[in-house]
Amino acid sequence: MTGADGFIGSHLAEELTRRGVKVRALVMYNSFGRSGWLDSSPPELAGSMEILAGDIRDPHAMVELTAGIDVVFHLASLVAIPFSYLSPDNYVKTNVIGTLNMLQAARTNGVKKFVHTSTSEIYGSAGHVPMDESHPQNAHSPYAATKIAADQLALSYLRSFSLPVTVVRPFNTYGPRQSARAIIPTIISQIASGAASIRLGNLDPTRDFTYVSDVVVGFIAAAERPDLEGEVIHLGSGSEISIGELVSRIAALMKSEVEIVSDARRMRPQSSEVDRLVCDNSKAARLLEWSPKVEFEKGLRRTIQWVQDNLDHPGYRPDRYVI
Ligand SMILES: NC(=O)c1ccc[n+]([C@@H]2O[C@H](COP(=O)([O-])OP(=O)(O)OC[C@H]3O[C@@H](n4cnc5c(N)ncnc54)[C@H](O)[C@@H]3O)[C@@H](O)[C@H]2O)c1
């Protein structure tokens with residue numbers, strides 16, 4: 001799998017290993033020998049994985065990576081929307097060319113299943129709710145545009161070369177290990193660091209949040225179930241909450257009273273903002289027998305606990321705006 005060093009990928013790699021699956025985990029190469037969040041995995045899990053460092057932008061290395069592999073879970077991606085405004089070229093190279101390299105490598109090695117990771121960001125703002133898989137696509141950011149391109153490449157490899165591709169499309173996912181730039185960790189880490197006021201962008205947009213362990217179960221079902229070639233499947237809760245309400249909810253759980261300060265740097269350009277996302281998850285229920293199990297309050301409590309326990313992690317600097 002790719003992106004095994006990341007938030008969702010590390011949880012997926014751990015859960016597959018727990019289930020006795022042999023995992024070859026690609027982590028992004030760096031000269032420090034770090035494997036991202038897999039460095040925080042229980043040793044009995046990380047120790048049972050084959051962890052390889054590399055880069056999906058290298059087509060030759062990806063052929064070697066996928067040799068002898070039955071199922072590819074492709075999660076590696078640049079994911080931050082604000083950074084995609086600054087470095088769109090990098091997003092094309094990673095999300096589009098990187099995905100092409102993975103598809104081509106999987107094809108070369110005759111893998112039996114390719115689970116590609118999309119995102120609800122590809123829709124832009126909801127035209128109707130709940131949003132099913134046929135909702136029109138409208139890229140509001142370079143990130144979203146590259147994910148649309150990657151999805152289409154993946155599906156084209158099924159139609160053109162019979163590569164058995166299934167596309168999993170998560171809505172907003174949250175939980176332990178999520179980057180501090182994402183909205184839920186941003187709110188929690190600022191409150192947990194004792195700030196009297198917390199700095200945020202637009203409070204009006206709504207999002208549909210799913211706890212990471214539920215998303216992981218959806219990925220595994222998409223790989224295990226037969227006859228899903230060419231299917232695009234949403235993973236989301238089906239309920240929405242505005243960012244403003246989210247702050248109140250988290251502050252109440254943390255027994256804190258916070259003042260919100262609007263931070264211009266955290267605002268997206270107005271027409272790039274995604275105002276509303278609400279998932280129709282009925283296809284996942286039908287094809288995967290999937291439904292989210294972790295209630296929002298329970299998931300938030302677990303995430304709050306985790307962020308509080310990890311405030312000294314180098315990735316969490318509540319005093320700084322990290323994109
Ligand atoms: N977190 C969410 O809310 C969410 C929602 C919908 C879709 N997704 C998708 O899920 C996937 C995982 O996202 P995440 O939230 O875990 O983000 P993440 O940033 O934690 O994980 C992405 C991983 O990809 C790796 N990566 C980046 N460029 C690479 C390269 N060139 N070569 C090899 N590895 C590279 C990074 O090291 C990182 O660990 C992404 O495809 C993302 O688009 C995430």
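One-based numbering along the sequence shown. Because only heavy atoms are used, hydrogens play no part in the values below, and waters and symmetry mates are left out as well, while side chains stay in. Remember, it's 1-based here, ligands and their atoms both numbered in the order they're listed.
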Run down the list Ala4, Gly6, Ala53, Ala76 and name the one with the heavy atom closest to atom 21 (O) of ligand 1.
-> Gly6
Classify the ring geometry between His11 and Phe7 as parallel (under 30°), tilted (30 to 60°) or perpendicular (over 60°).
-> perpendicular
Is Ile8 close to ligand 1, meaning an N/O of one under 3.5 Å from an N/O of the other?
-> yes
Is the closest basic N to carboxylate O distance between Glu231 and Arg225 below 4.0 Å?
-> no
Selection from Val215, Thr94, Asp5, Val79 by shortest heavy-atom distance to atom 39 (O) of ligand 1 | Asp5
Identity and distance of the protein heavy atom lying nearest atom 3 (O) of ligand 1 | Thr173 N, 2.9 Å
Given the side-chain rings of Trp306 and His313, with only the six-membered ring counted for Trp, is the space between their centroids under 6.0 Å?
-> no
Can you tell me which residue and heavy atom of the protein come closest to atom 20 (O) of ligand 1, and the distance to 0.1 Å?
-> Phe7 N, 2.8 Å
Which of parallel (below 30°), tilted (30 to 60°) and perpendicular (above 60°) describes Phe171 and Tyr123?
-> tilted
May I ask you to check whether Ile56 has an N/O atom sitting below 3.5 Å from an N/O atom of ligand 1?
-> yes
Which one holds for Ser118 and ligand 1: side chain close, backbone close, both close, or neither close, with close meaning a heavy atom under 4.0 Å?
-> backbone
Close side-chain approach of Leu246 and Phe209, heavy atoms under 4.5 Å = yes
So which heavy atom on Leu235 is nearest to which on Ala284, and how close?
-> CD2-CB, 4.3 Å
Could you list which atoms of ligand 1 come closer than 4.0 Å to a heavy atom of Arg57?
-> 31 (N)
Which atoms of ligand 1 sit under 4.0 Å from any heavy atom of Thr119?
-> 6 (C), 7 (C)
What is the closest protein heavy atom to atom 43 (O) of ligand 1, and at what distance does it sit?
-> Tyr143 OH, 2.7 Å
Met28 heavy atoms, cut-off 4.0 Å: which ligand 1 atoms fall inside?
-> 28 (N), 29 (C), 30 (C), 31 (N), 32 (N), 33 (C), 34 (N), 35 (C), 37 (O)
Starting at OG1 of Thr66, measure out to CZ of Arg107 and round the result to the nearest 0.5 Å.
-> 13.0 Å
Lys147-ligand 1 polar pair, N/O distance under 3.5 Å = yes
Residues Arg207 and Glu273 bridged, charged N to O under 4.0 Å = yes
For ligand 1, indicate whether the residue Phe73 contacts it via side chain, backbone, both or neither (heavy-atom separation under 4.0 Å).
-> neither
Answer yes when Lys147 and Asp151 have at least one side-chain N-carboxylate O distance shorter than 4.0 Å, and no when they do not.
-> no
Is Tyr29 in contact with ligand 1, taking contact as a heavy-atom separation below 4.0 Å?
-> no
Judged by modelled atom types alone, do Thr99 and His74 share a side-chain donor-acceptor pair under 3.5 Å?
-> yes
Got a salt bridge between Asp70 and Lys112, using NZ or NE/NH1/NH2 to carboxylate O under 4.0 Å?
-> yes
Looking only at heavy atoms, the pair that brings Pro292 and Asn281 closest together is CD-ND2, 4.0 Å
Whether Trp37 lies under 4.0 Å from ligand 1, heavy atom = no
Counting each atom of ligand 1 from 1 as listed, which ones have a heavy atom of Leu75 under 4.0 Å away?
-> 11 (C), 12 (C), 40 (C), 41 (O)
Polar proximity ligand 1 side, Asp55 side, N/O cut 3.5 Å exclusive | yes
If you count the atoms of ligand 1 from 1 in the order shown, which ones are under 4.0 Å from a heavy atom of Asn172?
-> 3 (O)
Taking NZ, NE, NH1 and NH2 as the nitrogens, is one of them in Glu133 or Arg169 under 4.0 Å from a carboxylate oxygen of the other?
-> no
Minimum-distance protein heavy atom relative to atom 6 (C) of ligand 1 | Pro170 O, 3.2 Å
So is there a nitrogen or oxygen of Ser120 less than 3.5 Å from a nitrogen or oxygen in ligand 1?
-> no
For atom 27 (C) of ligand 1, find the nearest protein heavy atom and state the residue, atom name and distance (0.1 Å precision).
-> Ser77 O, 3.4 Å
Is the Lys NZ or Arg CZ of Arg249 less than 6.0 Å from the centre of Phe296's six-membered ring, within 45° of the axis?
-> no
For Phe171, take its heavy atoms, then give the atoms of ligand 1 lying under 4.0 Å from any of them.
-> 5 (C), 6 (C)
Of the backbone atoms (N, CA, C, O) and the side-chain heavy atoms from C-beta on, which set of Tyr174 has a member under 4.0 Å from an atom of ligand 1: side chain, backbone, both, or neither?
-> neither
For atom 9 (C) of ligand 1, which protein heavy atom lies nearest, and how many Å away is it?
-> Thr117 CG2, 3.6 Å
